[in-house]
Each structure stands twice: as C-alpha cells, then as structure tokens.
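Single-structure report; data block below.
We name chains A, B, ... by the order of the sequence lines, and we start the count at 1 in each one. Predicted, not measured: the structure shown is a model, and the values here were computed from it.
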Amino acid sequence: MEALEFFRLMVLAGFKPDGVTVASVLPACSHLEMLDTGKEIHAYALRTNELIENSYVGSALVDMYCNCRQVSSGRRVFNAFLERKIALWNAMITGYAQNEYDKEALNLFLEMYAASGLSPNSTTMSSIVPASVRCEAFSDKQSIHGYVIKRGLEKNRYVQNALMDMYSRMGKTQISETIFNSMEVRDIVSWNTMITGYVICGRHGDALNLIYDMQRVKEKTNMNDNAYDDEGRVPLKPNSITFMTILPGCAALAALAKGKEIHSYAIKHLLAFDVAVGSALVDMYSKCGCIDLARAVFNQIPIKNVITWNVLIMAYGMHGRGEEALELFKNMVDDGSRNKEVRPNEVTFIALFAACSHSGMVDEGLDLFHKMKSDHGVEPATDHYACVVDLLGRAGSVEEAYQLVNTMPSELDKAGAWSSLLGACRIHQNVEIGEIAANQLLELEPSVASHYVLLSNIYSSSGLWDKAMDVRRRMKEMGVKKEPGCSWIEFGDEVHKFLAGDLSHPQSEQLHEFLETLSEKMKREGYVPDTSCVLHNVDEEEKETLLCGHSEKLALAFGILNTRPGTTIRVAKNLRVCNDCHMASKYISKILDREIILRDVRRFHHFKNGTCSCGDYW
DNA sequence: GTAGGGTTAG
C-alpha cells in the first residue's frame, strides 16, 4: 500500500518514475489485485516511450493483468513487445497457467521455443508442468520429465514439486516418492505435495507419517539449516494447507483416532481456530460420529464463515437432529444480519432440506423452500428441487412430490429430482410413478447403476419378478455395474475394509461363525431376518446366509470381537444401510449392550439399547 | 514459478 501511495506522491510532485520504479510498484498492484491502480500505472507508462519499451515493465504489467484475471489485457501488452526477453514469455505463460488457460500456456511455450530460440528455464517449467497435467489434449505427460532432465532443470525445487504433483495425479505415487526422497532441499510445498499424493491414492497412514517426519526434519534443519523457504526461514511447520489436505481423508475414512491426532497437531501449530482448518475439523468430527465434539470445535472458532455454519447444519442433519439444525439456522441468520460472510447460501438450503428430510420435518422444510428466495435471496436451483422432492416423497407424499417435479422450471435439469422420486417410490412401493421416473432417468442417465437397481427393487418388492429380471437384464446389456457394498472400521493404526460376501479378511471365518451364533441369539429375542433386499432367485435359508455376508455386519462383527465389552463401535458404509442390517444392529446393541454408530452414505444411525436414533425413518 | 480451498440431496 505504502509503495503505491509513494508512487502517486512522486508523480504529483513532478518526479518522473523510471522503469525500475514502475516495475517495482506493479507487483504491489498485482498482489493486492488492485486492477484500477494497475491500469493507472499502465496509462502512465504508455505516455513514455522509454517505459513502455522496457521489458521489465512489460513483464510486470502482464503479471499484474493476469493476476487480476484480465488475461486478454495481459496478452495485449505481451503482443506489443517485438523484442521479448524470457521474463516476458514467462510472465505470459504463468499468467495463462494460473488462470487455467492451459492450452494457451502450452501453445505459447511451443511458440517461445520455435520462434525466439530461447530456452525454457525453471520458472517456465514450473508453470508448464501443472498446465500440461490439467490439459487433456496433452497426452504424453511423462515426456515432460525427460525434457526437464534434458534441460538440466531436474534439480530445481519448484520443478521437482510440480513433477511430484504431476505423478501423484497420474496415479504414480511411487515416482513422486522417488523425487521427494531425492530432493536435497525441501520446502513446505514439497511436503504438502507429497502428503496430498498419499491422500489421493488412499495411503492415509503414510500421509500421517509424513506429518510426523515433517516435525522431525524441522528439528534437524534448525541445526544445519539446509532447508529454507523464499524468505530464507526454516519453513517446516505444517500450515493450513497441510491440515486441509489430511482432514477430509480422516473424515472420509471415519478415522476418529487419526483425526484426533491431527487435531492435536493443529492446536500445537495454532491453526485449530483458523476458519478453514476449524471447519474441516468440525466436518471430520461430525463424519466420525462425534456430533458433540463437532459442536465444541465449532464454538471455539472465533470468526466463522458461511461454510463453518453449513458444515454444522449438515452435521446435525446427518445425525437426525433436525430441530437443532433449524435452531442453528436461526442463529446463522441472526449472525448474518451483522456479518455478510455468514449469510445463508445455496448450500445452506441443501443442508436444511436434508436435515428436514432425515427428521421427517416436512412442513418446516416446505416453509423454508417457499421463503428461500423472498427472505434470503437464494433462488431455488435443481438441487433444491431434488431435496424437496426427497423430503416429500420419503414422508409418503409421492404424488405431491411428482407434482413438484412437473412444476420445475423447464431450464432446470430434472435428473436429480427424478432420482429422488424414484427413491421414494422404492420406499413406498409406488410402481406407477416409479416407472415414470425410471423411464426419464434411463433416458437421461443410462449408465447410472442405481436407477436400474431401484426400479428392479420396486418391481420385485411388488412381486413383479419378471419385470425385475428384465431391468436387471437391461442393466447387464448396457454394461452398467453396481458399486459393491463396502464397510470399514478403524482399528488401531489401520482401517479395516469389508466387501459384501468378503472372505479375504484374515479373521473372515471367525467373523462368519460369530455372526451365525449371534443370529440364533437374536432370533430367540424375536429377530426375523428381513430378506426383502436379497433379490436372488434363491430359497429363504440361502437368503439369510447372504445377509450374514453383508459388509456392515462383517465390520460390526470385527469391531465387537476385537474391542473390550462396552466399547462404542463405529462403522461406515459406502451405500445406504440395508433393512436387515439396520434391524440386526438394533438387536445387537441390546443383546451385547453396545452402542453402535453406523454411518451410511447419507446419514448416521446411533443404535443403543435396541433402538436407532433415526426412528426407523431413513 | 510449485501445494489446497474445507460444506452438497438421491
């Protein structure tokens, strides 16, 4: 800021800023995204031949325009230069790449090479590598590594970081590791890139280990000081990017113990109260089944934004606590009247409708839907319709839900709404409307497995076996495959995964035996296996066996067998929980006196003493 | 010049 003020004073006082002055004040405009001031300086430079022919001024102008997202203005400045130095080429290439004009960046790179005879340097390559990664038209990505070596740029930290990222995104984490391990100097970006690489390929344990290592290296470098960032400081403290990379991984895995460790690091590094990290923590706790911890973290974040609130509203909704979600929304609106950072947005309403839907609060949800535009300025979009159709349909008003789909504005995509409607028809066994919805969906999204599965289930639960088989056949013909059911549970340092009917787990035999004995005990208490979700053309006894192989039951059995009596069991699943597993979990919670927290793909089920927090409404 | 951006129904 001061630099800019100084510049103005200088001009006002009659001094003529030279190229050096202008080229050093422009980066300030660029950094602060002060486009108008930047334009003012550009206009000033245009009045002086000496200035506008200065290549450094040109590069700074290109950079300023591109940083203010005025890429075409940047290109005009670039074009005006006939004699182009490498800094000018780099400014334009980087400008393109940072605005994701990847093809343009690559074309300019080729042009630079062909037309000017200039050799790309490390700056050029650290923009070209990410641009080529994103650019689909550029297929032989790995060849760029060879090119980097040919140019002797493979020892540059920025280029190495960019290459590591490239390999991670190509699924070749091992090569990223090789580069990372070979680096003489690593900075925070190197570490974060490697951590991200591990998260991308699902190696969460390795990602976490790297955060440990990071802190050890920090101690080492404090002594010999061979790693530094741009300002020459020792940089190897995790930053907010580190935490935001790893926390969603913990959330997805429902890895509570790991999440808590990360939380303690975040506290240690004074980042737990950062709004972005804090929001990610709230989400992590919520998705690990700890709604009260999520609330506690939320309460401690001093400055919240709309995402922080949305995360918590969503969390209460997922846990079936709709009343509290609405209460939070009131607080949010209240807070938003003073702070425009927390005004409800389109995601807020999705979270609210989901919360109402999970808690059967139809009237409250509809009321919000009718007021969202008038009271909060949020236009109902296609996703909102899909949620409200779900809200109505799930509660049994299938006809009304159908009417809502029909009254949707024509410009909106209806696939989501049809899909909600189809789901409702499955729950309430409405063949007629289900067929209508399915016909639309099989037209719009012929390769989505769930549409076929839902329709087939609607038919078979109404005894229309032939039609059900027909849909299955059609699905097979289309080559559409259903995502296999998968459940997982954190145990010790690892997350154990189970697929439906999985026999690969080392304790597999023991788990199946245990489930069979348990099943007998449950039957004595009144449990009747619900075989309706097993569609195979097999007899009842075989259906029961198939049910025992459901992934959530296997994960649950694993948890019970490997933890002390009374320990709460937390299981997560990639699909919705099936009727029978839901029922069985209720019995198990009672017979074995265990709290079971089961997260399905949409919401939580807290089983305790024979009942579920969802009230059997899901 | 290189790393991420957290929340989203079915």
Would you tabulate the side-chain donor-acceptor contacts of residues 418-425 of chain A under 3.5 Å, counting partners in other chains and residues two or more places apart, or write 'none'?
residue	atom	partner	partner atom	Å
S420(A)	OG	A386(A)	O	2.8
S420(A)	OG	G416(A)	O	3.2

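- Among the atoms of the strands shown, base atoms are found under 4.0 Å from some heavy atom of V189(A).
- Checked against dT2(B), dA3(B), dG4(B), the side chain of I188(A) finds its nearest nucleotide in dA3(B).
- Considering only residues two or more places apart in sequence or on other chains, N305(A) meets the side chain to side chain donor-acceptor pair (under 3.5 Å) condition with T308(A).
- Residues satisfying the side chain to side chain donor-acceptor pair (under 3.5 Å) criterion with E400(A), sequence neighbours excluded, are absent altogether.
- Rounded to whole Å, atom C1' of dT2(B) lies 13 Å from atom CE of M125(A).
- The stretch residues 352-373 of chain A touches DNA chain B through A354(A), H358(A), each having a heavy atom within less than 4.0 Å of the strand.
- Under the 4.5 Å side-chain criterion, counting only non-hydrogen atoms from C-beta, L441(A) is not in contact with Y452(A).
- Not a single side chain to side chain donor-acceptor pair (under 3.5 Å) links R84(A) to another residue, sequence neighbours left out.
- Each of dT2(B), dG5(B), dT7(B) was ranked by its minimum atom distance to the side chain of K287(A); first place goes to dT7(B).
- Counting to the nearest Å, the P atom of dG1(B) and the CD1 atom of I86(A) are 14 Å from each other.
- As a whole-Å value, the separation of M194(A) CE from dT2(B) P is 19 Å.
- Among the nucleotides dG4(B), dA9(B), dG1(B), the one closest to the side chain of M244(A) is dG4(B).
- As judged by a 4.0 angstrom heavy-atom cut-off over every strand, V282(A) is placed among residues making no nucleic acid contact.
- In this structure, N239(A) atom CG and dG5(B) atom C1' are separated by 12 Å, rounded to whole Å.
- Distance, L247(A) CG to dG4(B) P: 16 Å, rounded to whole Å.
- Within the 4.0 Å cut-off from OP1 or OP2 of dA9(B), not a single side-chain nitrogen or oxygen of R576(A) is found.
- The environment of K141(A) atom NZ is dense: over 12 non-hydrogen atoms of other residues, nucleotides or ligands sit within 6.0 angstrom.
- Comparing dT7(B), dA9(B), dG4(B) against the side chain of I350(A) picks out dA9(B) as the nearest.
- Spacing between atom CG of D187(A) and atom P of dG1(B) amounts to 14 Å, rounded to whole angstrom units.
- The residue from Y285(A), W309(A), Y316(A) that alone fulfils the ring pair (Phe, Tyr, Trp, His ring centres under 6.0 Å) condition with F298(A) is W309(A).
- Out of dA3(B), dG5(B), dT7(B), the shortest distance to the side chain of I307(A) is found at dT7(B).
- Across all strands, S279(A) comes closer than 4.0 Å to base atoms (heavy-atom distances).
- No hydrogens or angles were tested; on distance alone, a donor-acceptor pair under 3.5 Å links the side chain of S122(A) to the base of dG1(B).
- When heavy atoms are screened at a 4.0 angstrom cut-off, R169(A) is found touching the sugar-phosphate backbone but no base atom.
- Among dA9(B), dT2(B), dG4(B), the nucleotide with an atom closest to any side-chain atom of Q98(A) is dT2(B).
- Atom CG in L271(A) sits roughly 17 Å away from atom P in dG4(B) (whole-Å rounding).
- Checking dA9(B), dT2(B), dA3(B) against the side-chain heavy atoms of D390(A) singles out dA9(B) as nearest.
- Atoms CD1 (I179(A)) and P (dT2(B)) sit 17 Å apart, rounded to a whole Å.
- Among the atoms of the strands shown, base atoms are found under 4.0 Å from some heavy atom of N156(A).
- Base engagement by T123(A) is indicated by at least one non-hydrogen atom pair under 4.0 Å involving a base atom.
- Taking the six-membered ring for Trp and the full ring otherwise, F109(A) and W89(A) have centroids separated by 6.0 Å or more.
- Proximity note for S240(A) (side chain, C-beta onward) versus dG4(B), dT8(B), dA3(B): the nearest is dG4(B).
- A close approach under 4.0 Å does not occur between any side-chain nitrogen or oxygen of K304(A) and OP1 or OP2 of dT7(B).
- In this structure L575(A) satisfies the side chain to side chain contact (heavy atoms under 4.5 Å, CB included) test together with E483(A), K573(A), sequence neighbours excluded.
- Considering only the side chain of T245(A), dG4(B) comes nearest among dG1(B), dA9(B), dG4(B).
- Using a 4.0 Å heavy-atom criterion, one finds that N305(A) contacts the bases of the nucleic acid, with or without backbone contacts as well.
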